[in-house]
Amino acid sequence: MIRAVPHVAALAPYALADLGGEGVISLAQNESAFAASPAAIAAGKAVLEQMPLYPDPEWPELRAAVAEVHSLDPVKVLCGAGSMELIGCLIRAFAGPGDRVLGTDYGYAFVASASAQVQADYVKARERELTVSVDDILAAVTSETRIVFVCNPGNPTGTLIPNAEILRLRAGLPADVLLVVDQAYAEFADADNDPGEIFALAERGDTVVLRTLSKAFGLAGARAGWGYFPPEIAGEVRKLLNPNNISIPSQAMAAAAMRDQVHMQDVVAKAAAIRDGFAEGCRALGLTVPQSHTNFVLIRFASPEQAQAADAALREQKLLMRGMGGYGLGDCLRATICSQPVMDRALAVLKGVVK
C-alpha cells in the first residue's frame with residue numbers, strides 16, 4: 001500500500017463550507033452579493049482567444065493596476081491564486097518543524113492548515129470580545145515564533161482594530177518575526193483605516209500585507225489575490241509560487257476590476273447598508289451581533305442548541321449559513337450578506353426560531 005508521509009496522513013482536509021445542494025441559497029461562503037464590474041467581465045471575454053498561451057508570470061497589468069490605485073511600488077506587489085496561495089507560500093518559506101506560527105482565537109483557519117503542512121506549531125493568542133488583542137499577541141510570542149498572522153477585519157467575527165494597534169503590534173514584535181496582515185475584507189473598512197499606513201510597514205522589511213479580489217470586487221471564481229512584500233521576503237516566496245498561477249482571463253478581469261473603484265465602492269456601500277439593516281433586525285430579536293466591517297455578520301445565539309435549531313430551520317427554507325463550531329463558536333452562525341429579499345427571508349426564519 002502506498003502511504004503518504006506521516007504528517008500529511010495525519011492532516012484533516014481543509015473544511016470548506018457546505019454548499020447545500022440544488023436550489024439552496026448559500027450565505028456561507030462570503031461571496032459578493034453583487035456582480036463584478038462590467039469592465040472586468042468585458043476584459044475577461046476580450047482575452048479568451050489567448051487561451052493557448054501560458055499566462056504572464058509577472059502579472060504586469062494587475063500589478064500596475066494595484067500600484068496605481070494604492071500608490072505602491074509595483075515591483076513589491078506579488079499576486080497569487082487568491083490570498084490563500086500567498087499564505088501557504090509564506091508559511092512554507094519561513095516556518096518549519098519546531099517553529100511557531102502565531103494567530104488569534106478566531107483568525108483565518110487556513111493558516112492552521114498551512115502550518116500543519118510544514119510541521120510548524122500553530123498557536124492562538126486570545127481575542128477579547130471577539131476582537132484581536134495586541135497585548136495578548138505580544139504576550140504569546142516566544143523564541144520559537146517565526147510568523148504572526150492578524151486578520152483585520154477579522155473573519156469570522158467581522159470586527160476591526162485601528163491601524164494604531166497594528167503599528168503598535170509591529171513595534172512590539174522582535175525584528176526576526178514576520179508580521180502578516182491579512183486584509184481580505186479591507187475594502188469594507190478602508191474608510192475607517194487609512195490603508196497607506198499599513199502598506200508602509202512593508203518598507204521596514206519585516207511585514208507583508210495581503211488582499212484579495214474575491215470579496216468586494218466579486219471575483220471569487222477568478223482566484224486572484226495580491227500582497228505588498230518587502231523585496232527579500234518576496235524573493236523567497238516567488239520560489240514557491242506556481243509560476244503560471246493566475247489565468248489570462250483572471251489577470252485581465254482582476255486588473256479591470258481594480259481600476260473600476262467606483263463600481264467596487266458602490267458594491268461595498270450597498271452590501272454595508274443591507275448588512276447593517278440585517279444586523280439591527282437580529283439584535284431586535286435579542287441576538288448578539290458584533291459590529292461588522294465586512295460583507296458578513298456573526299450571529300450569536302443563546303446557546304449552541306438554539307444555533308443548531310436556527311441552522312435546521314434555515315435549511316428547511318433552502319437557506320444556508322456557516323456553522324462556527326470549528327472556531328469554538330458553537331453558539332454562532334455566520335451569514336454572508338446577500339440581496340435584500342434573501343436577507344429578509346433569513347431574518348423571518350430567525351424570528352420564528354427565537355420567538
Same apolar cluster (I L V M F W Y, side chains within < 4.5 Å links), V181/L160: no

- prompt: Tell me, do Y108 and L210 make a side-chain contact under 4.5 Å, heavy atoms counted?
  reply: no

- prompt: Should the pair R92-E236 be classified as a salt bridge under the 4.0 Å nitrogen-to-oxygen rule?
  reply: no

task: Scan side-chain atoms only and decide if Q183 and Y228 contain a donor-acceptor pair under the 3.5 Å cut-off.
output: no

message: Could you see if M84 belongs to whatever hydrophobic cluster contains V8? Use Ile, Leu, Val, Met, Phe, Trp, Tyr and a side-chain cutoff under 4.5 Å.
response: no

task: Report yes or no: does S37 contribute a side-chain atom to a donor-acceptor pair with the main-chain N or O of D260 at less than 3.5 Å?
output: no

message: How close do A254 and L213 get, counting heavy atoms only, and between which atoms?
response: O-CD2, 3.5 Å

- request: Determine yes or no for a side-chain-to-main-chain donor-acceptor pair under 3.5 angstrom, with E61 supplying the side chain and A252 the backbone.
  value: no

- prompt: Angle class for the W226/H70 ring planes (parallel below 30°, perpendicular above 60°, tilted otherwise)?
  reply: tilted

field: Any donor-acceptor pair under 3.5 Å from E127 side chain to Y106 backbone
entry: yes

task: Determine, using the 4.5 Å side-chain heavy-atom cutoff (strictly less than), whether I233 and V177 are members of one ILVMFWY cluster.
output: yes

- request: Answer yes or no: is there a donor N or O on one side and an acceptor on the other, between the side chain of D311 and the main chain of A313, under 3.5 Å?
  value: no

message: Using only atom types and a distance under 3.5 Å, with no angle test, would you say the side chain of Q261 pairs donor to acceptor with the backbone of M258?
response: yes

- prompt: Does D194 offer a backbone N or O that forms a donor-acceptor pair with the side chain of N163 under 3.5 Å?
  reply: yes

query: Any side-chain heavy atom of K318 within less than 4.5 Å of one from I25?
result: no

- prompt: Do E31 and S214 have side chains that get closer than 4.5 Å, going by heavy atoms?
  reply: no

message: Check whether S113 reaches the backbone of V111 with its side chain - one donor and one acceptor, N or O, closer than 3.5 Å.
response: no

- request: Answer yes if the side chains of E144 and T142 hold a donor-acceptor pair under 3.5 Å, and no otherwise.
  value: yes

- request: Salt-bridge test for E85 and R223: reply yes if a basic N is under 4.0 Å from a carboxylate O, no otherwise.
  value: no

message: Under the criterion side chain to side chain contact (heavy atoms under 4.5 Å, CB included), I'd like the reasoning laid out for D121 against D99: C-alpha separation, chi angles, the key distance, then a yes or no.
response: CA-CA 6 Å; D121 296 323; D99 293 333; over 6 Å; no

field: Residue pair R211 / F199, side-chain heavy-atom distance below 4.5 Å
entry: yes

Path from L27 to V353 over hydrophobic side-chain contacts below 4.5 Å: no

task: Please confirm whether the backbone N or O of C332 pairs with a side-chain atom of R300, one donor and one acceptor, at under 3.5 Å?
output: no

- prompt: Would you say L320 and L314 make side-chain contact, with heavy atoms under 4.5 Å?
  reply: no

query: To the nearest 0.5 Å, how far apart are CD in E187 and OG1 in T294?
result: 12.0 Å

query: Minimum heavy-atom separation for I246 to A81, with atom names?
result: CG1-N, 4.2 Å

- request: State, to 0.1 Å, how close V289 and R283 come at their nearest heavy-atom pair, and which atoms those are.
  value: O-NH2, 2.8 Å

task: Carefully, step by step, assess L178 and L90 under the rule side chain to side chain contact (heavy atoms under 4.5 Å, CB included).
output: CA-CA 10 Å; L178 174 64; L90 277 163; 4.0 Å; yes

- prompt: Between CG of L329 and CG of L298, what distance do you get to the nearest 0.5 Å?
  reply: 6.0 Å

task: Could you tell me whether the side chain of R334 and the main chain of I299 form a donor-acceptor pair under 3.5 Å?
output: no

N30 and R322: side chain donor to acceptor below 3.5 Å: no

- request: Could you check V180 against V150 for side chain to side chain contact (heavy atoms under 4.5 Å, CB included), going step by step and ending with a plain yes or no?
  value: CA-CA 6 Å; V180 180; V150 174; over 6 Å; no

message: Can you give me the closest heavy-atom contact between S339 and A33, atom names plus distance?
response: N-CB, 4.2 Å

- request: Check whether any side-chain heavy atom of I337 lies under 4.5 Å from a side-chain heavy atom of M343, and answer yes or no.
  value: yes

query: Is K215 positioned over the aromatic face of F188, cation under 6.0 angstrom from the ring centre and no more than 45 degrees off axis?
result: no

query: Just wondering, do F217 and S32 contact through their side chains at under 4.5 Å, heavy atoms?
result: no

- prompt: Do E197 and N193 have side-chain N/O donor and acceptor atoms under 3.5 Å apart?
  reply: no

- prompt: Going only through I, L, V, M, F, W and Y residues with side-chain contacts under 4.5 Å, is there a path from I198 to V69?
  reply: yes

message: When you compare the side chain of L350 with that of C282, does any pair of heavy atoms fall below 4.5 Å?
response: yes

- request: Verify, without hydrogens or angle tests, whether H263 (side chain) and A35 (backbone) share a donor-acceptor contact under 3.5 angstrom.
  value: yes

Criterion side chain to side chain donor-acceptor pair (under 3.5 Å) against R128, the qualifying member of D136, D135, D105: D136

query: Does R170 pair with E165 as a salt bridge, N-O distance under 4.0 Å?
result: no

message: Taking the cut-offs as 6.0 angstrom to the six-membered ring centre and 45 degrees off its axis, would you call R146 and F94 a cation-pi pair?
response: no

